[in-house]
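As structure tokens, the structure follows; a few thoughts come after it.
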Amino acid sequence: MTTEITAEVTADSARDDKIRCDACPVMCYIKPGMTGACDRYANHNGELVRVDPHVVLDRTLAQGGTVVPFHRGEWDGSILQDSNTFVTAIGAGTTYPDYKPAPFIVSAEVDGVDMVTVVTEGIFSYCGVKVKIDTDRHLGPERSIVRAQGEPVGHVTTGEYGSQMLSLGGVNHLTGGSKKEGRVTCDTLLDLCNGKPAELTIDEGVTVIVQAGRAPIVNGVLEERMRVGCGSATIGMFAKQWNGKLDEVVVVDDHITGVLSEHQAGKLLGIRDTGIKMKGRRSTPGRYFQVAEPGTGWGGTNIADPLSILGPFNKKDAWAGLRLLMVSTTGEHHAYYELDEELVPVQRELPDILRESVDRIQENCEPALSTVLFMGGAGGSLRAGVTENPVRLTRSVKNALTYVTCGGAPVYVWPGGGITFMVDVTRVPENAFGYVPTPALVAPIEFTLRLSDYAALGGHLDQVRPVTSLPPGEARRQVPHRLDNPWPFAPQQARRSHG
Ligand code: SF4
């Protein structure tokens, strides 16, 4: 995003050839041929125009049941079809203050029912992204500050199963710190939402490059696999395959390290005690916490030598020749040992008979990805652009009468008050997000409901126009509807697979 402000934003400017953009609180005065501070609006021969084309989704362009990726299709000049066209908010423009009706309120007849879609490019001061990074590696302690260009833009939040989680943005970073912090936060959110990479450094942790839908790069190393499960789960999954080929298996995991002979899976298979002695805190049989410190080594621990988490074998139970496999939760790290006469593990080459089981762990790992969910609050004044009685829109969304989309993509609306939603940015057409230098993010949002319900909630009925009345032209662009997104007029018919 450019940070150069090409418009003069002084309120006292009064030259006739400048026009004032009133689409956000910045209220730029824009010279002819120039764009405003956000690059979204321009002065084109004295007319205020939205620079990017207005995107409509076309269901007929999705071919033969296969998923067609979003791309910038040219307008074919045909009249918009009622039920096969969905008018998104991308490029639709913003109104400010919000008591003005939304820029487009379009009606369409779908299966004999009059529907209406209210679209606007919302300005979100209350927004951020939740980033899920599929890796076992320790990225940094929970609550550590995440920085971009040295500025604090978020924090590490609670990890999930096989993934580390970041919470970035939010109103405090956008508005509550220095001007630079707000600008860098806005830049970072915009890049991530538009599918671009962002380099993040974590206090007391790593540097990670994340990009929606791509593998994360941790300290310069591309993460290939997401773990198959925790150490205990891995024991449960593969115990049968190890039975008879090994005497002991330790699956090294920063959270829950599993030990075959002590684990319930080993007990049920009749695996005998091996006299193994684990470091760390025993939780339940065969499951150990805190065997090492977190890190970027084996199984998200800081160890490079797996034997460092073992104590001496118990002489009563162990025996010379005992076969021991130590493996990480992705299979990326593994080592095979046999006990010598002193009951000390000696590393040997992994026998062919065991290679298959290590390969099986790797085979069961999914590709590691970074996932970016945009989260914003549309429960504020934006609602007034939809209805004169904003709380009715909130109730209508909660009652599932109004279907909310972001650039035509499905969203998850949080329970409770307001309209706080999340969307997977990879399901939204490209470059759908923008910014204004207040700073805040601009995100498309559409509300689709029956025309009769729209009337009942006090909608701006005098602004409703049929979708077929939107003139074709260069300012509008058709893109194929993605078949793995529900068609907003028939969300209940969503395909569940990604084709
Ligand atoms: S920042 Fe953009 S939307 Fe806001 S007034 Fe300037 S040109 Fe208009």
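Counting convention: from 1, in listed order, for ligands and their atoms alike.
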Checklist entry - Under the side chain to side chain contact (heavy atoms under 4.5 Å, CB included) test, which residues partner E142, sequence neighbours left out? => result T158

Side-chain donor-acceptor contacts of residues 167-174 below 3.5 Å, not counting sequence neighbours, with atom names and distances?
unit_1: S167; atom_1: OG; unit_2: K130; atom_2: NZ; d: 2.9
unit_1: H173; atom_1: ND1; unit_2: P152; atom_2: O; d: 3.1
unit_1: H173; atom_1: ND1; unit_2: E181; atom_2: OE2; d: 2.8
unit_1: H173; atom_1: NE2; unit_2: G154; atom_2: N; d: 3.4

Next on the checklist: I want to confirm something. Looking only at heavy atoms, which of P437, A440, G36, G434 is nearest to atom 7 (S) of ligand 1?
Outcome noted: G36

Checklist entry - Can we say D22 and K100 salt-bridge, meaning some charged N sits less than 4.0 Å from an Asp/Glu carboxylate O? => result yes

Checklist entry - Counting from 1, what ligand 1 atoms have a heavy atom of A23 closer than 4.0 Å? => result 3 (S)

Next on the checklist: Closer than 4.0 Å to some heavy atom of C28 - which atoms of ligand 1 meet that?
Outcome noted: 1 (S), 5 (S), 6 (Fe), 7 (S)

Checklist entry - Going by the order shown, which atoms of ligand 1 are within less than 4.0 Å of some heavy atom of R40? => result 3 (S)

Checklist entry - In ligand 1, which numbered atoms sit nearer than 4.0 Å to a non-hydrogen atom of M27? => result 5 (S)

Checklist entry - Is it the case that R40 places NZ or CZ above or below the six-membered ring of Y435, under 6.0 angstrom from the centre and within 45 degrees of the axis? => result no

Item to check | Greater than 12 external heavy atoms within 6.0 Å of E363's CD | outcome: yes

Item to check | Heavy atoms from other residues, nucleotides or ligands near CZ of R450 exceed 12 (cutoff 6.0 Å) | outcome: no

Next on the checklist: Under a 4.0 angstrom heavy-atom cut-off, which atoms of ligand 1 come close to C38?
Outcome noted: 1 (S), 2 (Fe), 3 (S), 7 (S)

Checklist entry - Looking at atom 2 (Fe) of ligand 1, is one of the N, O or S atoms of C24 less than 2.8 Å from it? => result no

